[in-house]
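Notes follow the structure.
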Amino acid sequence: MAGARRGPNWLLVYAVAYMVFLYAPVVLLPLFAFNDATIVAFPLSGFTTKWFTVLWETEALHGAVRNSLIVAVSSALIATMLGASAARAMARYRFPAKKGIVGFIMLPLVLPEIIVAVALLVMLMQLGLSLSLWTVVAGHVLICTPFAIAILSSAFQGLDQSLEEASLDLGESRWGTFRRVTLPLVMPGVVSSLLITFTISLDEFIIAFFLTGTDVTLPVYIWSQLRFPSKLPSIMALGAILLALSVLLLVLAEWFRRRAAARQGKDATAAGGLL
Amino acid sequence: MTARPIIELRNLSKSFGAVQALRGIDATIREGEFFSLLGPSGCGKTTLLRMIAGFEAPSGGSIVIDGKPMDGIPANHRPTNMVFQSYAIFPHLSVAGNVGYGLKRKKLSRAEIAAEVEAALEKVDLAGYGSRAAHELSGGQRQRVALARALVMRPKVVLLDEPLSALDKKLREQMQVELRALQQSLGITFILVTHDQEEALIMSDRIAVMFDGQIAQMASPEELYRTPRTRRVASFIGVMNFLPARMKGESPEGIEIDIPALGSARIPRDRVPEGLRPERIESIGIRPEMLTILFDEANSAEREAEGQVVANSYYGDMTYYDVRLAGQEAQVTISMRNTAGRSVARPGTTVRVGWGAESVVLFD
Amino acid sequence: MALKLSSQERQGLTLISPTLLYALVMLAAPLLMVATFSFWTQNYLEIDRTLTLDNYRAAWGEPIYQVLLARSLRISVIVTVATVLLAFPVAYFLSFHVKKRKALWLFLITVPFWTSYLLRVFLWKVILGYNGVLNSALLNLGLIDEPLTFILYNANAVVLTLAHAWAPFAILPIFVALEKIDRSLLEAAEDLGDGPVRRFFRVTLPLAMPGVVAATLIVLIPTVGDFITPKLVGGTDGLMIANMIQIQFGKANNAPLGAALAVTSMLTVAAISLIVFLAGRRLGGRVKP
């Protein structure tokens, strides 16, 4: 291609600069997590692991982690189930008002989170329900479901309908067909849906902030700690752990997706597995 | 043929909403027969096949397979197995996993399944391919795996939905012959859906030609080619010249026909289709190979007409001529085998066209 | 006339009904309730259910809310434009110039996004602060004599932080749209006499428009509703409407006014989104997203 020598170099320089911008705050996390100083600022003063020890000894944090895990696991499971049935219906069937129904279900994707949070709060107040972890789950399922649908509908759309028919034709029952054909083929989608909705819920702050009761989730706990400068280094340590965990989960999800794709002989390098 | 019926379709109809996809389908398919459903896309042939397989419920009428009515019986309980157009090879299973898929439901030991699978693969010339992954197969191999997967179930009827349409021409022609040979050696009933008339002619014992959700004609390939019952069937199968014609008279020996472009002829009784109303004849058909260009002065035919070559298409073994018949607007296509020493006639050449009364096809 | 459904339609509706039902109960009902709420009045601990437009009079009339709403919109628009403009070349680079390691690049772009949002915003504060990373670096390099103060606790910081936070959401839709472009169309444009620049504006950009519109909406809408970034790095003149909504539902204990503010900002966002959508349709021609 003509001009292919000059063009990409400038773009590459720009792309690298952009990546530096993206990673600038992230690389600070591990730096300060191991920095032996009570204030989060440069210059760095020395290596320590004491902030991780502090985390280990903070009871309130353990509660928040437990709460967040409960919320994230429940939200991921429910959202993926709701997402799977909706994605399946969208990929396989035609029915009246399909566009309207789908658009409505996907609405939380384009609704400011504070609106979702406030709306749920108002309803709970009116119904006289008290706030708890389950009200947070209710809100998280609402915002996670569209993500689950987006991930799963590509999985269900890629599923050739004649594969299920072939299974029925070969004498397998509907349930057997689901178990032996449908499920294995959409499994990578289900796993990435679970991982991504789990991560979204784990990190979600605004809805949790409004709907949480006395049991706080991890982001709400972090928010409350950001006011106290003395707590900051340990929060950095916590952030570093979360970062490592997220990267691990993402790599795992990607590895799983590629393995499944390779087994089916599809092009594993294609995008689409990540989001 | 005296074989017993394996599939009986009685006044079958199917509609999707306001669209009538099939109506008044009556057919009996016999045991061991290679039966084809032939028609243009949208004629309902695939819908009919899917109804036999159990993927679509009929809107009316009945399907009987091997003496049992199939009303409300789902696909997984029918004695039919299908080769899908896309082959529907399970991408997450190996070749052996695919072929053995249906056997898992039957109470068989691992060793028995493996033996059955290997036997089925041998039948389709894929012995030793069991451990291959589905995506490592070529198009032709996928087609064979799909076939083996259906055969291993020992179905009463194998249904094939355009199984060769994804293959290239050479491979397709090879598979047509192989598939036909396999069917004959197994003696299982095959029902093939195809839009390729040549494929249907080559492979089938009988063909049902379908248009607009109805069976237009059901007959053996030879009968279908020689005596198509309607103009539409005639032009769908092979090439047919249509010429205006009128009945002049009727006698016990046959029908007197006047064809202005060619002359008149008496069509013998055995060439007159049953139920034809001769007074309603408006045109006749005649195949390109049933007309002859008389290149040699010495050659003569039963009947002759004058014409002028308008265009020619050279095919190597054959040449197709478009010839305008003298004094008429009518133009016909004539196919001539290219023989040694004969050159191709140029456009503008005046030629004598020979024909015979036995080759005239009558429609009403 | 009774609604007659085919078995196809019945199965489809049955399958989607749990999800639909959830959205109806957890989204439609609450939104309706917020709308109703905005016409009521808060009397200390009691709610007066007489319908009134007072909340809207306050939300639209009082200068403080006007200022906040206008600032929210201004900041959101700037953030969106900046984010999309900065993201487009990256998406273009990924789609047209990266041959082998596309997945890796995409992965690297999404990784920072999976760190806690709160912490990312907070870390910008660390970078931009008086004794922050940026200032100490510039001081050490001798480029400045005393720390810069205009980079934190104002609207600039909010724009920068949000542009960072939403980067992957802008890159991915544009990347997907670019990937979908049939490369032979570009060759055709070249064949018909277009140079690289004309080809970009006449073929590539119009075909990428659905992705650009999606990116714009995905960034714009949540940005209006953000209240963490303004609170952490925005200072007093970086506060946005969402902070006020939060205050009304929290400390100020005036939920009806908060509801009116929420409804107002939602309607404004919806209107802007519609404009963006329609403008994108015009610019992108008749491309189906």
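We name chains A, B, ... by the order of the sequence lines, and we start the count at 1 in each one.
- Contact annotation for Met153(B): only side-chain heavy atoms (C-beta onward) come within less than 4.5 Å of a heavy atom of chain A.
- Residues Phe84(B) and Ser162(A) approach most closely at CD2-CB, 3.6 Å, considering heavy atoms.
- Of the N and O atoms on the side chains of Ser173(A) and Asn76(B), not one donor lies less than 3.5 Å from an acceptor on the other residue.
- The shortest side-chain heavy-atom distance between Arg180(A) and Phe90(B) does not fall under the 4.5 Å cut-off.
- Shortest non-hydrogen contact noted between Asp169(A) and Asn81(B) is O-ND2, 2.7 Å.
- Looking at Ile89(B), the atoms closer than 4.5 Å to chain A (heavy atoms on both sides) all sit in the backbone: N, CA, C or O.
- Electrostatic pairing of Glu165(A) and Arg50(B) counts as a salt bridge here, judged by a charged N lying under 4.0 Å from a carboxylate O.
- The two residues His92(B) and Pro184(A) come nearest to each other via the heavy atoms CD2-CB, 3.6 Å.
- Pairing each heavy atom of Leu185(A) with each of Pro91(B), the nearest pair is CD2-CG, 3.5 Å.
- For the atom pair Leu168(A) CG and Met82(B) CE, the distance stands at 11.5 Å (nearest 0.5 Å).
- Annotation for Lys156(B): atom NZ does not count as buried by contact number, only 12 or fewer foreign heavy atoms lying within 6.0 Å.
- Heavy atoms only, all atoms of each residue included: Tyr101(B) and Gly176(A) are closest at OH-O, 4.3 Å.
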